[in-house]
Protein chains: 2
Amino acid sequence: MNAIPQLTKNQTLVFDVLSHADGPLSAYTILDRLRDRGFRAPLQVYRALEKLLEYGVVHRLESINSFVACAHPGEDCHSHGLVAFAICDKCGQVTEFHDHELDHRLMSWVRGQKFKPEKATIEIRGRCAACA
Amino acid sequence: MNAIPQLTKNQTLVFDVLSHADGPLSAYTILDRLRDRGFRAPLQVYRALEKLLEYGVVHRLESINSFVACAHPGEDCHSHGLVAFAICDKCGQVTEFHDHELDHRLMSWVRGQKFKPEKATIEIRGRCAACA
DNA sequence: TTGAGTATGTTATGTTATTACATAGATTGC
DNA sequence: GCAATCTATGTAATAACATAACATACTCAA
Ligand SMILES: [Zn+2]
Ligand SMILES: [Zn+2]
Ligand SMILES: [Zn+2]
Ligand SMILES: [Zn+2]
């Protein structure tokens, strides 16, 4: 359970944008929102995201090439468990959830294969309750 | 359980490349491998892939922007169940698997949220037995 | 045979992500 | 202090992935 280090200037800016967004954002959207804070190039965003992902305070949604602030900051789940997302294709809302049973099931299959997991991606696309 | 229609010329070419590949391929890699069969533009690949995905004979691996031929052709799983992948980051080998228990667990969570799932992505990245 | 639907070809463009190189700031040991 | 080192940042260019827009051709049924 590594502590989250003090964020640098750019990391703070990117994290702030994600925290206050009402849904996942692409790297280039983040860039646009930080132009008036001095951001000029994608790398400023990608480098910050890389660290934020490493610290576990941001998640990447592979199926939509976007990033979202962790919905459960401070919780222990991320260090030992797996994270899943339900993504609404209509309104963009994302629900992050953890399920130890799911985790256990996946990992037991994986261990049976002698596969050494590093990272798991679980994303469900569809319609949220409000948009159904 | 919709039958798979007769594939068109381009769909056949793309499917053949994927079937004979020893791992997942990006769209542009497929394009390169079909240059001498007359392919000139990405869209020829993407359009074929779109159909092949729809027919369920090819899967897209979101976390590596690549495509792979279904490992279980003809099986019924795809129409009602969910597909998961273990992807080796060293050698690129992909193992496709189905697990009804996993499926059930995920869908019960999702139903509890009144979320209407359309598609699920489950990808585990790590090292395969041979590369561990 | 004409109209609708599907498949294809081609060019251009949009979107996402990384490489390469330069500069600046912080930290450590001397 | 001052060099060595490490981390963070700035900038330009390019690579990698994906789609839009438009034209043409090929079914196939009415
Ligand atoms: Zn989280
Ligand atoms: Zn919604
Ligand atoms: Zn399959
Ligand atoms: Zn391997």
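Computed from a predicted structure; not experimentally measured. Per chain, numbering begins at 1; letters A, B, ... match sequence-line order.
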For residues 14-23 of chain A, please give each side-chain donor-acceptor pair under 3.5 Å, one per line with the distance, not counting sequence neighbours.
{"unit_1": "A/Ser19", "atom_1": "OG", "unit_2": "A/Phe15", "atom_2": "O", "d": "2.8"}
{"unit_1": "A/His20", "atom_1": "ND1", "unit_2": "A/Asp16", "atom_2": "O", "d": "2.9"}

In residues 37-47 of chain B, what donor-acceptor pairs under 3.5 Å come from side-chain atoms, sequence neighbours left out?
{"unit_1": "B/Gln44", "atom_1": "OE1", "unit_2": "B/Arg40", "atom_2": "N", "d": "2.6"}
{"unit_1": "B/Gln44", "atom_1": "OE1", "unit_2": "B/Ala41", "atom_2": "N", "d": "2.9"}

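Map B/Asn65 and B/Pro42 each onto its nearest nucleotide of DNA chain C; the residue landing nearer the 5' end is B/Pro42.
Between the CD atom of B/Glu62 and the P atom of D/dC17 there is a distance of 14 Å, rounded to whole Å. Between the P atom of C/dT19 and the OH atom of A/Tyr46 lies a distance of 13 Å, rounded to the nearest Å. Going from atom CG of B/Leu34 over to atom P of C/dG9 covers 11 Å, rounded to whole Å. For the pair A/Gln6 CD and C/dA26 P, the interatomic distance rounds to 14 Å; values are reported in whole Å. If you take CG of B/Leu61 and C1' of D/dC17, they are 15 Å apart, rounded to a whole angstrom. In this structure, CZ of B/Arg35 is placed 12 Å from P of C/dT10, rounded to the nearest angstrom. In this structure, the CD atom of A/Glu50 is 8 Å from the P atom of C/dT18, given to the nearest Å. Rounded to whole Å, atom C1' of D/dA16 lies 13 Å from atom CZ of B/Phe67.
Note on A/Arg37: nothing from the nucleic acid sits closer than 4.0 angstrom, heavy atoms only.
Within residues 24-31 of chain B, the residues having any heavy atom under 4.0 Å from DNA chain D are, by residue number, B/Ser26, B/Tyr28.
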Between the protein and nucleotides 7-11 of chain D, list every N/O to N/O distance that falls short of 3.5 Å.
{"unit_1": "D/dT9", "atom_1": "OP1", "unit_2": "A/Thr8", "atom_2": "OG1", "d": "3.1"}
{"unit_1": "D/dT9", "atom_1": "OP1", "unit_2": "A/Lys9", "atom_2": "N", "d": "3.4"}
{"unit_1": "D/dT9", "atom_1": "OP1", "unit_2": "A/Asn10", "atom_2": "N", "d": "3.2"}
{"unit_1": "D/dT9", "atom_1": "OP2", "unit_2": "A/Thr8", "atom_2": "OG1", "d": "3.3"}
{"unit_1": "D/dG10", "atom_1": "OP2", "unit_2": "A/Asn10", "atom_2": "ND2", "d": "3.1"}
{"unit_1": "D/dG10", "atom_1": "OP2", "unit_2": "A/Gln44", "atom_2": "NE2", "d": "2.4"}
{"unit_1": "D/dG10", "atom_1": "N7", "unit_2": "A/Arg47", "atom_2": "NH2", "d": "2.5"}
{"unit_1": "D/dG10", "atom_1": "O6", "unit_2": "A/Arg47", "atom_2": "NH1", "d": "3.1"}
{"unit_1": "D/dG10", "atom_1": "O6", "unit_2": "A/Arg47", "atom_2": "NH2", "d": "3.2"}

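Residues A/Glu123 and A/Ile64 approach most closely at OE1-N, 4.5 Å, considering heavy atoms. Taking all atoms of both residues into account, the shortest heavy-atom contact from A/Lys90 to A/Arg127 is CD-NH1, 3.2 Å.
For B/Asp99, the side chain to side chain contact (heavy atoms under 4.5 Å, CB included) criterion is met by A/Arg105, B/Glu101, B/Leu102, not counting sequence neighbours.
In this structure, CG in A/Leu61 is found 4.5 Å from CD1 in A/Ile87, a value given to the nearest 0.5 Å. With rounding to the nearest 0.5 Å, the separation of CG in B/Asp103 from OG in B/Ser108 is 10.0 Å.
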- Message: Apply side-chain contact (heavy atoms from CB on, under 4.5 Å) to residues A/Val83 and A/His98 and explain how you reach the verdict.
- Response: CA-CA 5 Å; A/Val83 190; A/His98 308 269; 3.8 Å; yes
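Legend: ring-ring contact (aromatic ring centres under 6.0 Å, His included) pairs involving residues 113-132 of chain A, not counting sequence neighbours: none detected.
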